[in-house]
Every structure is written in structure tokens, then in C-alpha cells.
Chemist: 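Okay, here's the structure, questions in a sec.
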Amino acid sequence: MFIWGVFPVCLLLACTEPPKAQAELVLGTICSINLYEQGSPQIYETLFSRLREIDLTMSATKADTAVDRINQNAGIHPVPVPLDLMEVLEQALRYAALSKGAFDPTIGPLVQCWAIGSEHPRIPEALEIEETLSLVNWQDVVIDREAATVFLRRSGMALDLGAIAKGYAADEMAEILQKAGIKGAIIDLGGNIFAYGTKQQGKPWNIGIQNPLNTRGAYLGILTVQHKSIVTSGVYERYAEIDGKRYHHILSTQDGYPVSNGLLSVTIIADRSIDADALSTTAFALGYEKGRALVESIDHAEAIFIFEDKRIHGTPDALAWFTLQDSQFSLTH
Ligand code: ADP
Ligand code: MG
């Protein structure tokens, strides 16, 4: 009797409680946003419809996105593009210039050639890699701000914004939340995280850092932060196993192969997610010394570098926010 009396009340409560989190497959990954007690169906719809819109503009794999149209018309003619894509591309070219092309948004042909993360990954022949690499050059992207067009100079070139678009999208989410007066949220776009605002009672967020040697969900430490984006690029994020060997998805614009420099992952903690996303890939591609120097030259950006030999190096603020929980790893400045 008692149980039956309580049951409908619970159901009613479940119905009237605001939705706590929402997740959706968009931007080629699982995107989940949690507004806790401030969530409502309306705000989630505003957030996710903006994510879908960004996907339909910036995806390099979907047909008829602005990026796809730029790629289809490479070497033919400039293509009109929306302002948001222009902004992302300008930031991408900024990181390309800063890294002397280690980060390159025209990596598309090389990404397609390896097809890592797709159903049919492959190891291309050396000659094919060499020919494909000749199509990768950020200096052949022509942006006309006044005409709002983008042109790739040579036929066969292709943009791929996979290393930066999720960061931009997370910043867009943060802006929507700011306008709506939301105090705290976790925005997780396939591991591209924005720990927005604070937890209840103004407490900071605790964000786990993946152990790059372990299965997904195993943390090696925790970052305690307020209103920061945290983005990791690593060998475990997306990879293909071919003939018993792992090939991950961050490609060297020097030799066309997955970057191999002793790093397992680079985590960036930054105020803007577009910087965190672009910088994590860039610093990983540049390697520790140059990567760290670049991060230190960017305002409001910190980094944690994890090496194959289980050393962890970080910038001072990053280490101040970090608690190591796995004694296999050792921490140094
Ligand atoms: P994730 O996709 O896991 O968030 P990253 O932000 O590091 O990881 O982006 C990796 C993606 O960026 C690759 O899947 C590919 O699409 C693209 N990419 C690979 N190598 C480079 C590079 N050298 N410069 C720019 N983009 C790259
Ligand atoms: Mg990135």
C-alpha cells in the first residue's frame, strides 16, 4: 500500500523536474551539455540547434556544407561563406602561421588518404603520401573578407576543420549561456570541454584528465578550474589499428605520417575553447619544446604535456590546478 501511494508522486516529480543534461550525435561526435538545475527544454533546444547549424556549415564530410562547397570548388572559383566560418578559418590560419604550418586547416586530402576514424583506414604508399602532402598548404587559402568568400588556389585541396570547429562551437555554447544568465554548466563536445562558470555555491569544477595509456574513462588526475575550456589532443583520441600497429589521427605536415615525438597527449586549459582546441592539436604536432613555447606566448592558455615514458610537464598555472592521482606518472615543471 505504502509503495503504491508513493509511486505516482515520484513519477510526477520526475516529470516536473527540469531536464538535467542533453546529449546528441552532432559535429561527428557525442555532444553533451549539462545545465543542472538551470536546464529547460527551451535552452537545450537553442544550444543544440546552434550545434547542428555549425555542423551543417563546417563539416568536411557532409555534402553541401560551406566547407564542402569550398572543397568542391578548389582551383575553380571562390565560394561565398557565412561569417562564423570566416571567423573559424581566420583563427585556423592564425595557428597555421604561428606553427609554421604544423597546424594546417588544409590537411583534408591527407586526412582522407589515411581515413583514420572511418570504417576503412589504410596505410597509404609513400608516393601517395608525398603527392597528397603537396596539396596541403595553408598559404593557398584566399580569404576575401569584403566579398565574404573563400578560395582554395589549387584543385584537389580540401579544408578540414576537425581540430578547431568543436572549440568554436563550445565558445558559441558559452555565449548562449551567458546571454541566458546561466551560472554553471558542463559543455562536453566529444571531449572538448568547457567547464562554464562555477558549480553550485560558486565552487570550482573538477575535470578528469584521461590516462592516455588506459581505457576510456580512466583518469590519471583532476583539474580544478572555474570557467575554463579544457581540451586534449592525444594518441588515444582516435586511431586505427592496422597489422597490430596503432596509427592516430594527428598528422605531421612534415612527413605525412601520424605525429611521433614522444608525446602521448597535450591538454590545454584556456579561457576560449577555440584556442584550447587549436592549441592542443598544434602543440601536439609541434612537440614539447616548440609547443610549450607557443602556449606560453598565448594569453590565458596553459598546458599539460604527457610523455610516453610517463613524465608529465606543465606550465605553472596548469600544474597549480592539477592533482595527480596515478603514481605511475611523475610530475615536473
Ligand atoms: P579531436 O578530433 O579528438 O578533438 P584534435 O582537436 O586534435 O582532436 O583534432 C584532430 C583532427 O584534426 C583530425 O581528426 C583531423 O581531422 C585534423 N588534423 C589532423 N592533423 C592535423 C594538423 N596537423 N593540423 C590541423 N588539423 C589536423
Ligand atoms: Mg584540437
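One-based numbering, in listed order, for ligands and for the atoms of each. What you see is a predicted model; the values in this text were computed from it and never measured. One-based numbering along the sequence shown.
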Chemist: Answer side chain, backbone, both or neither: which part of Ala285 comes under 4.0 Å from ligand 1, heavy atoms only.
Modeler: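 No part of Ala285 comes within reach of ligand 1.
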
Chemist: Identify, for atom 7 (O) of ligand 1, the protein heavy atom at the shortest distance, and state residue, atom and that distance.
Modeler: Ser233 OG, 2.6 Å

Chemist: Ignoring angles and geometry beyond distance, decide whether Arg238 reaches within less than 3.5 Å of ligand 1 through its nitrogen or oxygen atoms.
Modeler: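 No; the residue has no nitrogen or oxygen that sits under 3.5 Å from a nitrogen or oxygen of the ligand.
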
Chemist: Mark up the atoms of ligand 1 that fall under 4.0 Å of a heavy atom belonging to Asp160, in ascending order.
Modeler: 16 (O)

Chemist: When you draw lines from the Mg ion (ligand 2) to O of Ala163 and to OG1 of Thr281, what angle lies between them, to the nearest 10°?
Modeler: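 Rounding to the nearest 10 degrees gives 100°.
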
Chemist: Taking only heavy atoms of Lys166, which atoms of ligand 1 are found under 4.0 Å from at least one of them?
Modeler: 1 (P), 2 (O), 4 (O)

Chemist: Between Tyr236 and His248, is the gap from one ring center to the other below 6.0 Å?
Modeler: no

Chemist: So which heavy atom in the protein is nearest atom 26 (N) of ligand 1, and how far is it from that ligand atom?
Modeler: Ala163 CB, 3.6 Å

Chemist: State whether a side-chain donor-acceptor pair under 3.5 Å links Thr315 with Asp317.
Modeler: no

Chemist: Identify, for atom 18 (N) of ligand 1, the protein heavy atom at the shortest distance, and state residue, atom and that distance.
Modeler: Ile107 CG2, 3.9 Å

Chemist: Does any N or O of ligand 1 fall below 3.5 Å from an N or O anywhere on Thr232, backbone included?
Modeler: no

Chemist: Side-chain donor-acceptor pair under 3.5 Å between Asn192 and Ser273, yes or no?
Modeler: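 Short answer, yes.
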
Chemist: Is there a donor-acceptor contact under 3.5 Å linking the side chains of Asn206 and Thr224?
Modeler: yes

Chemist: Determine, using heavy atoms of Asp104 and all atoms of ligand 1, whether some pair is separated by less than 4.0 Å.
Modeler: yes

Chemist: Which residue supplies the protein heavy atom nearest to atom 20 (N) of ligand 1, what is that atom called, and how far is it?
Modeler: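 For this ligand atom, the closest protein heavy atom is Leu251 N, 3.0 Å.
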
Chemist: Between Arg52 and Glu45, does at least one N-O distance fall below 4.0 Å, as a salt bridge requires?
Modeler: yes

Chemist: Is the distance between the ring centroids of His77 and Phe151 under 6.0 Å?
Modeler: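 When the ring centroids of Phe151 and His77 are compared, they turn out to be at least 6.0 Å apart.
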
Chemist: Short list, please: which atoms of ligand 1 are under 4.0 Å from a heavy atom of Asp277?
Modeler: 6 (O)

Chemist: Flag the pair Asp84 and Arg50 as a salt bridge only when some basic side-chain nitrogen lies within less than 4.0 angstrom of an acidic carboxylate oxygen.
Modeler: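 Salt bridge: yes.
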
Chemist: Less than 6.0 angstrom separating the ring centers of Tyr239 and Trp114, yes or no?
Modeler: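 Centroid separation for Tyr239 and Trp114: 6.0 Å or greater.
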
Chemist: Among all protein heavy atoms in this structure, tell me which lies nearest to atom 8 (O) of ligand 1, with the distance rounded to 0.1 Å.
Modeler: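 So the nearest neighbour among protein heavy atoms is His249 CE1, 3.3 Å.
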
Chemist: Considering distance alone, does some N or O of Ala102 sit under 3.5 Å from an N or O of ligand 1?
Modeler: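 Between Ala102 and ligand 1, an N or O pair is found under 3.5 Å apart.
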
Chemist: Starting from atom 15 (C) of ligand 1, what is the nearest protein heavy atom, named by residue and atom, and what distance separates them?
Modeler: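 Of the protein heavy atoms, Val111 CG2, 3.8 Å lies nearest.
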
Chemist: Are any of the N/O atoms in Ser280 less than 3.5 Å from those in ligand 1?
Modeler: no

Chemist: Which protein heavy atom lies closest to atom 5 (P) of ligand 1, and at what distance to 0.1 Å?
Modeler: Thr281 OG1, 3.3 Å

Chemist: Can you figure out which of Gly117, Ala92, Gly162, Gly108 has its heavy atom closest to atom 11 (C) of ligand 1?
Modeler: Gly162

Chemist: Using 4.0 Å as the upper bound for N to carboxylate O, is an ion pair formed by Glu302 and Arg292?
Modeler: no

Chemist: Go through the side-chain N and O atoms of Arg69 and Gln72 and say whether any donor and acceptor fall under 3.5 Å apart.
Modeler: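 Side-chain D/A pair, Arg69 to Gln72: absent.
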
Chemist: Kindly state whether the ring of Phe307 and the ring of Tyr288 have centres lying under 6.0 angstrom apart.
Modeler: yes

Chemist: Which bit of Ile250 is near ligand 1, meaning a heavy atom under 4.0 Å away: side chain, backbone, both or neither?
Modeler: both

Chemist: Do the side-chain N and O atoms of Tyr95 and Asp275 include a donor-acceptor pair separated by under 3.5 angstrom?
Modeler: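 Their side chains do contain a donor-acceptor pair, which is all the 3.5 Å distance test asks for.
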
